[in-house]
Amino acid sequence: MPFLVISGDDDVSVQEYEELGYQIIIYAPTPVITAVAGLERAYTSLRETGLTGIREANITKWMAKVEELIDLPAYYRIEAETTEQER
């Protein structure tokens with residue numbers, strides 16, 4: 001049975017976990033923590049400077065990633081197949 005650890009911070013590195021014999025490391029809180037940190041940075045910047053601090057190239061890149069992750073084309077296909085068309 002694999003040796004598993006749940007981690008959420010950088011107190012122990014991946015290499016250190018490997019040396020301790022762990023084969024699986026789960027970073028369960030990491031996605032939520034990084035999302036909240038990003039939101040906080042953007043809104044703090046907006047409040048302090050009037051700008052989000054997000055460059056246009058990054059918006060394009062990350063929106064494309066979001067659309068890929070949620071399979072946006074599939075939603076568009078479903079919408080086209082299930083909504084009334086204008087005549």
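Note: hydrogens, waters and symmetry copies are ignored here, and every other heavy atom, side chains too, is used.
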Can you give me the closest heavy-atom contact between Pro29 and Ser7, atom names plus distance?
CD-O, 3.7 Å
Evaluate the side-chain proximity of Val5 to Ile26: yes if any heavy-atom separation is below 4.5 Å, no if none is.
no
Roughly how far apart are Asp10 CG and Glu16 CD, rounded to 0.5 Å?
10.5 Å
Tell me if the CG atom of Asp71 is crowded by more than 12 foreign heavy atoms within 6.0 Å.
yes
Check: Glu67 side chain, Leu72 main-chain N or O, donor-acceptor pair, under 3.5 Å
no
With the side chain counted from C-beta on, respond yes when Ser45 and Thr52 share a heavy-atom pair under 4.5 Å apart, and no when they do not.
no
In terms of relative ring orientation, are Tyr22 and Phe3 parallel, tilted or perpendicular, with 30° and 60° separating the classes?
parallel
Are Tyr76 and Ile70 co-members of a hydrophobic cluster defined by side-chain heavy atoms under 4.5 Å apart?
yes
With a 4.5 Å limit on heavy-atom distance, are the side chains of Leu51 and Leu46 in contact?
no
Starting from Ile54, can I reach Tyr43 by hopping between I/L/V/M/F/W/Y residues whose side chains sit under 4.5 Å apart?
no
Do Arg41 and Thr44 have side-chain heavy atoms sitting under 4.5 Å apart?
no
Closest heavy-atom pair and its distance - Asp9, Tyr27
O-CE2, 4.4 Å
Joint cluster assignment, Val14 & Ile24, ILVMFWY side-chain distance < 4.5 Å
no
Hey, any chance Leu4 and Ile25 share a hydrophobic cluster, counting ILVMFWY side chains that come within less than 4.5 Å of each other, even indirectly?
no
Spell out, yes or no, whether Val36 and Ile33 are grouped together once hydrophobic residues are joined by side-chain heavy atoms under 4.5 Å, including indirect joins.
no
Can you check whether Ile59 reaches Glu56 side chain to side chain, under 4.5 Å on heavy atoms?
no
